[in-house]
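Structure first, commentary second.
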Amino acid sequence: MSHYYEEKDLERFQEVGQNRPDLFDNFMNYYQGVMAAGALTVREKALIALAVAHTVQCPYCIDAYTRASLENGSNLEEMTEAVHVAAAIRGGAALVHGVQMRNVAAKISM
Amino acid sequence: MVPFARQLESLGYPDLRAVEVSTLQVNLGWRCNQACKHCHLQAGPERPEQMAIPTMQEVLRVAATCCIPVVDLTGGAPELNPHFEYLVAQLRGLGVHVRSRSNLTVLLEPGKEHLFEFFRQHRVELICSLPYYQEEMVDRVRGPGAFQKSLEALRRLNRLGFGQEGSDLELHLMYNPGGAFFPPMQKPLEDLFRRELAQRHGIRFHRLYTLLNMPIGRFQDYLQRSSNYDSYMGKLLASFNPATVPGLMCRSLISVAWDGRLFDCDFHQALNLPLLPGLPQTIGEFDPEILATRPIRLEEHCYGCTAGSGSSCGGRIVSGEP
């Protein structure tokens with residue numbers, strides 16, 4: 001293994017189901033149900049998944065949902081905005097914890 | 001890769017056969033004013049291939065005597081054939097439904113602007129290439145300026161009544177992906193195009209068809225240069241959908257090349273893979289009974305027509321994914 005993340009490993013995802021296929025099948029059924037068209041379109045869900053993929057920084061998911069976004073008719077402008085939404089929420093989440101910092105500092109300061 | 005013929009054999013098709021010949025797809029030549037990055041024929045401005053009048057007369061004879069309801073004109077840019085108007089007018093005179101594929105930009109070339117009115121006058125069904133509703137992507141695939149010219153051509157067609165709701169002047173769009181990925185589901189993409197083209201540019205159309213990029217010609221070169229070929233072919237194979245087989249376009253269509261030779265489809269024509277030996281090989285030898293039940297030549301790129309929802313010159317083949 002030359003890298004922890006190998007591109008072709010994504011195709012081996014099914015292997016994870018080998019020892020507890022019941023759990024894997026439950027997950028896959030849930031996953032497919034979630035990603036199917038509902039109140040949101042498949043295209044919108046792929047863009048959400050692309051944003052989440054960046055927050056969890058999963059190379060497999062970024063690969064899969066970049067393709068899925070293009071294959072559902074999205075463009076680079078929309079996909080870039082989705083990544084910015086992820087970045088904004090991550091950045092905002094860090095920054096809003098500055099209130100915690102201020103609370104602690106206030107508590108222990110004279 | 002499992003050979004396509006063996007894949008079909010396992011489904012009970014030891015020799016895939018045509019079921020009818022309801023469409024004659026006539027390639028008028030490989031000359032085109034564009035040189036798109038995905039073109040399976042590697043068409044362009046320098047290509048010399050053009051159908052001549054005697055071959056067109058054979059096409060007219062077959063259309064008249066063999067009761068073929070639809071003639072589908074393609075290229076290259078079919079409008080660049082100097083005898084394009086002659087063929088269309090003669091076919092319409094025979095009562096044949098004429099469908100013509102257009103890259104749109106050719107209609108703005110010098111000496112071609114009369115074609116807008118010509119199409120209206122002869123009630124030609126138009127299938128126009130437009131791979132996206134944004135300029136950057138269209139120009140990247142089709143060349144600088146292609147998007148704005150396409151919009152101008154669509155506006156003129158709309159003004160003549162093409163693509164308008166309730167109009168019988170049919171204007172359809174053809175989408176193909178701008179890279180090594182598959183086309184979206186057809187209906188959601190049609191809804192997206194309809195909304196975006198109407199809101200951004202006031203353009204109307206009837207239907208949108210999706211076409212998968214076939215891994216041959218310039219697109220194959222691109223796949224190989226970008227190291228995407230193996231993964232693309234692997235995905236085609238993995239996405240094989242048996243439900244697409246009954247509706248494959250080769251089962252109801254014959255492709256006529258610019259020189260009158262016969263092929264199962266335009267993709268086979270691009271690779272110079274004629275009808276199987278023993279079958280009529282030219283439009284002059286056209287025999288409707290033999291050709292309507294002919295065995296079809298099967299090649300590896302046929303996986304491009306059976307992936308996912310399937311792909312054809314009329315868009316997807318089935319409504320759902322496998």
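Lettering of chains follows the sequences in order, A, B, ..., and the numbering in each one begins at 1.
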- Identify whether NZ of Lys or CZ of Arg in B:K37 sits under 6.0 Å from the centre of the six-membered ring of B:Y222 and within 45° of that ring's axis. no

**Prompt:** In terms of the angle between their ring planes, are B:F205 and B:F193 parallel, tilted or perpendicular, with boundaries placed at 30° and 60°?
**Reply:** perpendicular

Please evaluate residues B:N158 and B:L171 with respect to the criterion side chain to side chain contact (heavy atoms under 4.5 Å, CB included), reporting the C-alpha separation (whole Å), side-chain torsions for both, the decisive distance (0.1 Å), and the verdict.
CA-CA 9 Å; B:N158 277 173; B:L171 171 60; 3.8 Å; yes

Heavy-atom nearest pair, B:E170 first then B:H206, reads CA-ND1, 3.5 Å

Between B:N33 and B:A77, the two heavy atoms sitting closest are OD1-CB, 4.2 Å

**Asked** Does the pair A:E78/A:R43 count as a salt bridge with the N-to-O cut at 4.0 Å?
**Response** yes

Those residues of residues 57-70 of chain A that come under 4.5 Å of chain B on a heavy-atom basis, listed by number, are A:R67, A:L70

Whatever's closer than 4.5 Å to a heavy atom in chain A on B:A238 counts as neither

State, without any angle test, whether B:N103 and B:T105 hold a side-chain donor-acceptor pair at a distance under 3.5 Å.
yes

By residue number, those in residues 129-143 of chain B with heavy atoms under 4.5 Å from heavy atoms of chain A are B:Y132, B:Y133, B:Q134

Under 4.5 Å to a heavy atom of chain B? For A:E77 that would be side chain

**Asked** Going by atom types only, do B:T210 and B:R316 share a side-chain donor-acceptor pair under 3.5 Å?
**Response** no

Q.
Between A:Y31 and A:F24, is the ring centroid distance below 6.0 Å?
A. no

Scanning both residues in full, the closest heavy-atom pair of B:A146 with B:Q34 reads CB-OE1, 4.2 Å

